Amino acid sequence: MVDPYDPEGFRAAGHAVIDQLADYLAGTATGEGPVLRYAPPEASLNQWPSPLEMDQRVPFADLLPQVIAGSHHIHHPRYVGHQVSAPIGSAALAELVSAVLNNGTAEFEMGPVSNAMEKRLLEWLGSALGFGPDVEGLFTSGGSAGNLTALAAARQSVVGIDAWNDGLAGKQPLAILTSEQAHYSNDRAARILGFGAGGVVPVAVDDRFRLDPTRLREAHRRAQDSGRRVFAVVGNACSTATGAFDPLEPIADYAAEHGLWFHVDGAHGAVAALAPAYRHLVAGIERADSVVLDAHKMLLMPALVTAVLYRRPGAADRAFHQEQSYVGFDTHGGAFAWWDSGLRTLECTKRMMALELYASLLEHGPSFFADHVTRTFDLASWFARELEAAADFELATEPQANIVCFRFTPDGVLDLDALQLAVRDELVQSGAFYVVKTRLRDRVHLRTTIINARTDEADLRALMEAIRAAANPGADSTRGGPLVSGGAGRDGDHGHRRIRGAHGSEELH
Ligand SMILES: *Cc1c(COP(=O)(O)O)cnc(C)c1O
């Protein structure tokens, strides 16, 4: 039998894999080649034989070229789609180390290094948010799990309800207030926590998609009128669709006045707290009871590295309190020790995710990450100015973060929604750019997230040109007639086929 841990085999394969990844980084640096070699789902599936048909042994290094070729090239400067970071090398290597050392990080004895690093990172992030030295929290796998975790802690902190032990049967139904632009994970969390479909009461937004704090009372009353008890309010910092930062100060005031838990879904934008030029966007975050922050969005980490932070001690423990018989969780006078992070969320085993961020901070310094936030937010403003200045583009709203939504609105098009979809399909299928779409004010918009440290002004100018060209392919094009002059909406067959061609996720970011 071959030695599955053969050190020399691992060394050689590791060199071969790292060489290919370094070539991938070099290749994407120039912006050459497609962002994505688009293949529809069935064609993509057919490239990968079923395990039942694997009659030949293929070393991983030989499989890797096909994996790279078929994947999104997130490091390509023209990937401006979802909020996915282009991870830095230190983080990627740390993830490899996590895969080899595999210290599970549920309790201290399983992962002494990563549990300690997790604590240090929570202190660092907590101080950036303006929390005091009592900050507590945990790392978990994603903002969705983070929001569920924090809202479970919130639910358990509601005076008079011990849902954790007694369930919710016979109790007054609970609800949370949040902006109608909130990420769908909040709604999922509410349903998982037993509040049902009406468990999230939407609060109206202003003309820039920010929660309108003057509408909180009205939403609250609506919840009460339907028999619900509101126990928490969630501020978005920022929203997923447009990057809108809810005004956290007045939301904190409202929460304080009504005895509500104040949670901030800062999965994407809580990092503004690190960047002096954008700190004002999260003013008031220091008053939150809990905050979720995804390091795999704006902090250049691979998925998933999420921090859940609590301003006050004890909140974390209440939510997931169980008697553990077979693991050595330490309790200290009823409170759990910081070093057993598995006690504080739904996950038991988790990767050494803190290692990635800790190692990268040590290697690059905190200001590197603050600068990345500043640069991408600045670039989004610049892009908005360009779009505004162009007669054939329409900005959805002034961007506050690094998310820019807009429409291509040339003259003479009857169905602009269809045009946006057709243009997007063209860009994605040609591999020239990766952009996504979203529906705002009931209109289809193109949506870009400028999150890659390599994306620059020239790429964004080229995006505008590529959109124009996609809508108006040359007469010699084999892709079909122009979408603009004929009116995309009436361009029956072509328009229809193209619109349904690409499988992008709408609303699901
Ligand atoms: C991305 C995002 C989430 C979900 O985070 P995942 O890490 O993808 O689970 C939640 N809330 C907001 C505001 C987000 O932008």
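Counting starts at 1 for both ligands and their atoms, following the listed order. Because the structure is predicted, anything quoted here is derived from the model rather than measured.
Under a 4.0 Å heavy-atom criterion, Asp294 is in contact with ligand 1. For Cys238, the closest heavy-atom approach to ligand 1 falls below 4.0 Å.
At a heavy-atom cutoff of 4.0 Å, ligand 1 is contacted by no atom of Ala182, backbone or side chain. Both the backbone and the side chain of Ser144 come within 4.0 Å of ligand 1, counting heavy atoms alone.
Near Gly143, meaning under 4.0 Å from one of its heavy atoms, ligand 1 places the atoms 5 (O), 6 (P), 7 (O), 9 (O). Taking every heavy atom of Asp265 and a limit of under 4.0 angstrom, the matching atoms of ligand 1 come to 10 (C), 11 (N), 12 (C), 13 (C). Close approach of ligand 1 to Ala267 is summarised as follows: ligand atoms under 4.0 Å from at least one heavy atom of the residue are 2 (C), 3 (C), 10 (C), 11 (N), 12 (C), 14 (C). Per-residue contacts place Ser185 under 4.0 angstrom from the following atoms of ligand 1 (heavy atoms of the residue considered): 10 (C).
Note: His72 and Tyr79 have perpendicular aromatic rings, judged against thresholds of 30 and 60 degrees for the angle between ring planes.
Of the listed residues (His296, Lys297, Met298, His183), the one carrying the non-hydrogen atom nearest atom 2 (C) of ligand 1 is Lys297.
Residue pairs meeting the ring pair (Phe, Tyr, Trp, His ring centres under 6.0 Å) criterion with at least one member in residues 254-279, sequence neighbours excluded: His220-Tyr254, His220-His258, Tyr254-His258, Tyr278-Phe377.
For the pair Phe406/Thr448, a side-chain contact is recorded, criterion being any heavy-atom separation below 4.5 Å from C-beta on.
Backbone and side-chain nitrogen or oxygen atoms of Thr306 are examined, and none is located within less than 3.5 angstrom of a nitrogen or oxygen of ligand 1. Of the polar atoms of His268, none of the N or O atoms is found under 3.5 Å from an N or O of ligand 1, judged by distance alone. The shortest N/O to N/O separation between Thr240 and ligand 1 falls below 3.5 Å.
Between the side chains of Thr140 and Glu347, a donor-acceptor pair is found at a separation under 3.5 Å. There is a side-chain donor-acceptor pair under 3.5 Å between Ser114 and Thr105. When only modelled atom types and interatomic distance are considered, Asp294 and Thr306 share a side-chain donor-acceptor pair under 3.5 Å. Side-chain polar atoms of Thr178 and Asn186 form no donor-acceptor pair below 3.5 angstrom.
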Report task. Would you check, one step at a time, whether the test salt bridge (charged side-chain N to carboxylate O under 4.0 Å, His left out) holds for Arg208 with Glu398? Result -> CA-CA 7 Å; Arg208 291 179 66 188; Glu398 179 63 30; 5.6 Å; no
